[in-house]
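First up is the structure itself, then whatever we jot down about it.
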Amino acid sequence: MKGSLTKRTKIIIAVVTVIVIAAIAGGLGYHFTHKKDTNQGTQNNGSIPNGSKGAYTNPDIPINVDLKIQSNSSYTRSFWGLAYTPLNVQFPWCGDTQDEVIEDLKILYQLTPRIRIYGVDCRQFEYIMNGINALNIRMGVIPTIWVDNNQTTYDRQHDTFFQVTERYGWDNIIGVSVGNEAIYRKEITAEELQRRVKEVRDRITKAGHPEIPVFSTDIEQLDKILDMSDILFDNVHPFFAGTRVEDASSWTFKYFQENDVAVAAKVGKKAVISEVGWPTGGAPDRGAIASVGNLQILLDNFVCEANKRKVPNFFFEIFDEPWKIIFNEPRETMWGVFSDKKQLKAGLTLPNCPLPAFGQGSTSLFE
Ligand SMILES: *[C@@H]1O[C@H](CO)[C@@H](O)[C@H](O)[C@H]1NC(C)=O
Ligand SMILES: *[C@@H]1O[C@H](CO)[C@@H](O)[C@H](O)[C@H]1NC(C)=O
Ligand SMILES: *[C@@H]1O[C@H](CO)[C@@H](O)[C@H](O)[C@H]1NC(C)=O
Ligand SMILES: *[C@@H]1O[C@H](CO)[C@@H](O)[C@H](O)[C@H]1NC(C)=O
């Protein structure tokens with residue numbers, strides 16, 4: 001989605017600066033001590049699991065939380081997909097834990113069959129894969145191998161990605177994004193990004209999984225993004241287009257149809273809304289007003305309608321990201337349907353149009 005994004009641009013540049021500084025301060029790492037375990041392929045039929053561990057879990061990662069999911073009657077699995085960033089995964093200041101990620105997954109599992117994450121640093125990707133196995137559930141996961149302007153960041157994330165998939169397998173991986181808005185931030189040329197997407201795709205194919213779509217995600221140069229990608233992933237933000245919230249859902253469907261679905265179809269490809277959401281506080285963008293009430297309006301107008309139309313989308317996002325306050329734009333911290341304390345925001349009612357659990361018909365991005 002291209003629009004009037006000046007404020008956002010500044011924030012994104014700031015994010016990048018921090019990641020670069022983080023990379024400079026880097027050197028933190030971890031090593032895998034075990035070989036691939038072949039006991040993979042957790043099956044779960046969608047009922048709430050009983051707390052017994054499923055397929056391979058890493059014996060070196062202690063788990064101190066109850067693995068039984070307490071079903072919550074106010075949750076239904078109604079989001080097609082959810083964007084998820086665990087707390088404290090900003091390298092090298094890693095503060096995330098396996099237990100916290102498991103608590104997140106207990107909620108996510110009851111709200112959606114699919115999640116999308118933005119990087120693999122701070123063991124977040126491993127904690128998610130290990131946590132899914134520990135909970136004996138299945139969920140579709142789209143990891144991002146983060147791309148900025150620093151080769152070191154990319155190499156670290158790339159290597160971690162392949163270490164984790166070698167260990168935990170590919171059963172839950174429904175797509176891989178090489179970068180998110182890296183071209184929009186002008187951190188990489190389309191040609192170099194294309195080279196990386198191809199390299200990752202070739203390696204995944206060699207690992208025996210040519211069926212897994214590989215792509216980059218962006219909001220600019222979508223023709224080139226489409227060319228290098230198996231599926232077109234576009235972050236479609238009615239808020240940054242300045243739409244009134246009452247119009248946001250229909251704006252999103254129309255924008256996506258015209259700029260993504262129709263364009264991708266010309267070359268025989270599909271398209272996905274990789275982000276759509278609404279902030280609950282902070283400054284307005286023209287007619288777009290940030291508030292909990294307005295997030296509720298978008299939830300009401302968009303989520304179930306998207307399921308009905310089979311419009312694949314990742315709602316941005318499940319939890320608030322308080323760390324983004326360092327970028328001086330409070331609005332960026334408040335896109336969560338839930339607070340960072342894992343509580344549904346006061347005043348919100350979740351959508352109710354349940355989808356099957358992943359692995360029960362919803363075995364890909366599109367079903
Ligand atoms: C990239 O990060 C590494 C350390 O992680 C650092 O040594 C290098 O200077 C960085 N490069 C740029 C261009 O910032
Ligand atoms: C789903 O799994 C639960 C527990 O594992 C089991 O009790 C139930 O019979 C299963 N349902 C189907 C339809 O397989
Ligand atoms: C829980 O379910 C798994 C399979 O889904 C089964 O192997 C295990 O015996 C069950 N445990 C209990 C305590 O019911
Ligand atoms: C169910 O979810 C609501 C909303 O997040 C929360 O307030 C409540 O504590 C949850 N109930 C249980 C039993 O976890």
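Below, all heavy atoms of this structure are taken into account, side chains as well, without hydrogens, waters or symmetry copies. In listed order, ligands and their atoms are each counted from 1.
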Inset, instruction - Taking only Lys NZ, Arg NE, NH1 and NH2, and the carboxylate oxygens of Asp or Glu, determine whether Glu199 and Arg195 approach each other closer than 4.0 Å. - result: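 No, no charged N to carboxylate O under 4.0 Å.
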Legend entry - Sidechain N-carboxylate O distance under 4.0 Å for Arg123, Asp96: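 Between Asp96 and Arg123 there is no salt bridge, as every charged N stays at least 4.0 Å from the carboxylate O atoms.
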Legend entry - Leu344 neighbourhood, listing ligand 4 atoms whose heavy-atom distance to it stays under 4.0 Å: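 Numbered from 1, ligand 4 contributes 4 (C), 5 (O).
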Legend entry - Atoms in ligand 4 flagged as close to Ser74, the criterion being non-hydrogen separation under 4.0 Å: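 Near Ser74, meaning under 4.0 Å from one of its heavy atoms, ligand 4 has 1 (C), 2 (O), 3 (C).
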Legend entry - Cation-pi geometry met for Lys310 and Phe366 (6.0 Å, 45°):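 Cation-pi check for Lys310 and Phe366: fails.
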Legend entry - Nearest-contact summary for atom 2 (O) of ligand 4 - protein heavy atom, Å: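 Residue, atom and distance for the closest contact: Asn72 ND2, 2.3 Å.
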Legend entry - Stepwise side-chain hydrogen bond (donor to acceptor under 3.5 Å, both in side chains) check, Thr217 with Ser274: CA-CA 7 Å; Thr217 305; Ser274 38; 4.8 Å; no
Legend entry - Gln343 heavy atom under 4.0 Å from ligand 4: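 Heavy atoms of Gln343 do come under 4.0 Å of ligand 4.
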Inset, instruction - Report yes if Lys342 has an N/O atom closer than 3.5 Å to an N/O atom of ligand 4; otherwise report no. - result: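 No; the residue has no nitrogen or oxygen that sits under 3.5 Å from a nitrogen or oxygen of the ligand.
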Legend entry - Aromatic ring proximity, centroids under 6.0 angstrom, Phe302 and Phe253: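 Close enough - the centres of the two rings lie under 6.0 Å apart.
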